[in-house]
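Right, one structure below, let's go through it.
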Amino acid sequence: MKRVIITTATAVAAAAMILTAGCTPGSGGSGSSDPNTFEFWSFTGINQQASVDAYTSDHPDIEVKLTEVGDTSETAQALTAALAGGKVPDLVLIQGDDMPKFMQAPENFVDLTTLGADQMTGDYLDWVISQSTTEDGRVIGIPTDVGGMAIAYRTDLFAAAGLPTDRDEVSELWPTWDAFMEVGEQYVAATGKPFLDNTPTSIFFQAVNQGSERYYDANRELSYDKNPQVKAAFDLTLQMYEAGISGRIASWTPGWTAGMSKGDFAVMSAPSWMLNAIKTNAPDSAGKWDVATIPGGSGNWGGSYLAIPARAKNPAAAWDYIATMQSPEGQLAHFLEHGALPTTPSVYTDPQLLAKTDPFFSDAPIGQIYTESVVNIEPFYIGPDDATIGSELLNTLTSVEQGQVAPDDAWETALTNVRNALRG
């Protein structure tokens with residue numbers, strides 16, 4: 001899973017408190033010494049407790065001490081500080097774009113092949129497991145999910161605008177992003193209301209994840225400032241903004257979560273992990289949403305890994321959790337219950353997955369929609385600064401929507417912000 005938001009000082013301070021609780025910097029304190037207990041750090045917003053409850057119901061003798069540290073960035077910051085000498089957990093969830101930075105110091109983590117991962121690596125999509133595998137074959141993290149992409153739309157609002165509501169007909173409306181923009185203009189003309197929530201996440205962060213290359217080139221050198229695919233996604237986002245179809249409601253804000261229920265926008269980005277966010281934030285809108293194919297047909301946004309810090313006191317218990325919950329059977333069960341798209345392709349043809357529909361989203365066949373989105377992608381290399389670069393590009397586009405940066409100045413402003421962030 002992946003969320004990109006602007007970190008606040010208050011949130012960072014809250015994350016820092018977790019690091020210092022029960023230890024002092026450099027104390028080297030680490031996870032639980034009780035062999036039947038392990039400490040687990042996760043990020044918020046993904047209902048990690050449900051996975052923990054599923055595991056402990058089958059392992060009543062095990063206690064999992066779950067701490068939801070903060071958003072993905074705050075969790076990575078907390079882990080970085082802990083690895084430098086603070087208190088580490090026994091198990092930690094790392095967002096996919098943050099994994100490359102931790103891969104630069106693999107000695108900070110248990111090589112999971114020593115616990116049995118060498119018997120499991122073939123179960124996962126090659127391009128996913130390779131991102132947590134060192135050149136000499138050490139496995140630092142086991143993938144938990146991928147973020148196949150789609151578009152969520154409000155059928156009631158589409159009907160009011162005179163647009164089709166059947167998901168196949170809606171998907172046919174927008175085979176390309178240009179066609180998507182035309183549909184948005186039709187919607188605004190018919191209703192006088194915004195078509196989509198915002199352009200930075202619903203356009204840029206989906207379009208930029210559909211290419212064959214993102215912020216690094218094939219030689220693993222930084223290329224964000226000269227990759228035409230990145231520039232095209234950025235320019236597309238500005239075009240969508242200037243077309244007047246955006247509600248300019250930034251993701252993960254109170255207005256955004258409220259807008260899902262109130263019908264303040266008709267469409268939004270829907271990588272597979274986003275469906276739970278819609279359900280959580282807009283429970284009274286059940287049955288009003290559906291899911292259509294994303295323009296371009298495929299792409300991936302998000303995904304996470306479970307890792308065990310080298311100083312964990314109970315790596316065996318943490319590994320049993322990983323091996324159980326992230327097996328093909330475990331990932332399939334989690335998808336059927338909670339919708340996290342498996343990283344284990346052997347289950348993509350499982351009748352249960354293919355038959356999976358979601359009543360909240362008008363019985364959309366989410367098993368088919370999301371697996372088709374990821375099986376056809378062209379994987380790209382994710383480097384150590386991907387998270388930083390992506391955040392700065394997105395934050396600049398958010399500033400455009402908030403009237404703080406002129407569209408004509410946005411690209412150069414974004415590049416300056418990225419360079420400053422990389423130097424910092």
Just verifying a value: how many Å separate [X] [atom1] and [Y] [atom2], rounded to the nearest 0.5 Å?
| X | Y | atom1 | atom2 | answer |
| --- | --- | --- | --- | --- |
| Trp127 | Thr343 | CH2 | OG1 | 9.0 Å |
| Ser132 | Ile142 | OG | CD1 | 6.0 Å |
| Asp97 | Asp385 | CG | CG | 11.0 Å |

Short N-O contact, Lys87 and Glu39, less than 4.0 angstrom: yes
Salt bridge flag under 4.0 Å for residues Asp90 and Lys65: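 No, Asp90 and Lys65 are not salt-bridged.
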Audit row: Asp136, Arg138, salt bridge (Lys or Arg N to Asp or Glu O under 4.0 Å) steps and yes/no: CA-CA 6 Å; Asp136 60 359; Arg138 287 176 286 174; 3.2 Å; yes
On the 0 to 90° scale, with breaks at 30° and 60°, tag the [X]-[Y] ring pair as parallel, tilted or perpendicular.
| X | Y | result |
| --- | --- | --- |
| Phe158 | Tyr187 | tilted |
| Phe180 | Trp177 | perpendicular |
| Phe205 | Trp301 | tilted |
| Phe265 | Trp289 | tilted |

Quick check: does any side chain N or O of [X] sit under 3.5 Å from a backbone N or O of [Y], one acting as donor and the other as acceptor?
| X | Y | value |
| --- | --- | --- |
| Lys356 | Leu336 | yes |
| Asn281 | Ala277 | yes |
| Asp290 | Asp166 | no |
| Ser202 | Thr199 | no |
| Tyr321 | Leu91 | no |
| Glu401 | Ser246 | no |
| Gln48 | Phe43 | no |
| Gln210 | Ser298 | yes |
| Ser399 | Asn395 | yes |
| Ser327 | Gly330 | yes |

Derivation of the salt bridge (Lys or Arg N to Asp or Glu O under 4.0 Å) call for Arg248 and Asp197: CA-CA 6 Å; Arg248 297 181 291 176; Asp197 52 350; over 6 Å; no
For atom [atom1] of [X], decide whether the heavy atoms of other residues, nucleotides or ligands shown that lie under 6.0 angstrom number more than 12.
| X | atom1 | value |
| --- | --- | --- |
| Asp363 | CG | yes |
| Glu378 | CD | no |
| Glu135 | CD | no |

Shortest non-hydrogen contact between [X] and [Y], atoms and distance:
| X | Y | result |
| --- | --- | --- |
| Phe380 | Val208 | CE2-O, 4.5 Å |
| Phe360 | Ser285 | CZ-OG, 3.7 Å |
| Gly141 | Met99 | CA-CE, 4.3 Å |

Phe335 vs Leu353, side-chain contact (heavy atoms from CB on, under 4.5 Å): CA-CA, chis, key distance, verdict: CA-CA 8 Å; Phe335 170 76; Leu353 182 142; 3.8 Å; yes
Trace of the side-chain contact (heavy atoms from CB on, under 4.5 Å) decision for Met149 with Asn300: CA-CA 6 Å; Met149 298 193 300; Asn300 180 71; 5.6 Å; no
Evaluation steps, side-chain contact (heavy atoms from CB on, under 4.5 Å), between Leu236 and Gln239: CA-CA 5 Å; Leu236 172 69; Gln239 292 169 15; 4.3 Å; yes
Flag side-chain contact, heavy atom, 4.5 Å: Met268 against Met274: yes
Residue pair Phe38 / Lys313, side-chain heavy-atom distance below 4.5 Å: no
Evaluation steps, side-chain contact (heavy atoms from CB on, under 4.5 Å), between Trp256 and Asn198: CA-CA 9 Å; Trp256 181 76; Asn198 64 74; 4.2 Å; yes
With Phe234, the ring-ring contact (aromatic ring centres under 6.0 Å, His included) member among Tyr224, Tyr215, Tyr241, Trp411: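 In the set Tyr224, Tyr215, Tyr241, Trp411, the residue that makes a ring-ring contact (aromatic ring centres under 6.0 Å, His included) with Phe234 is Trp411.
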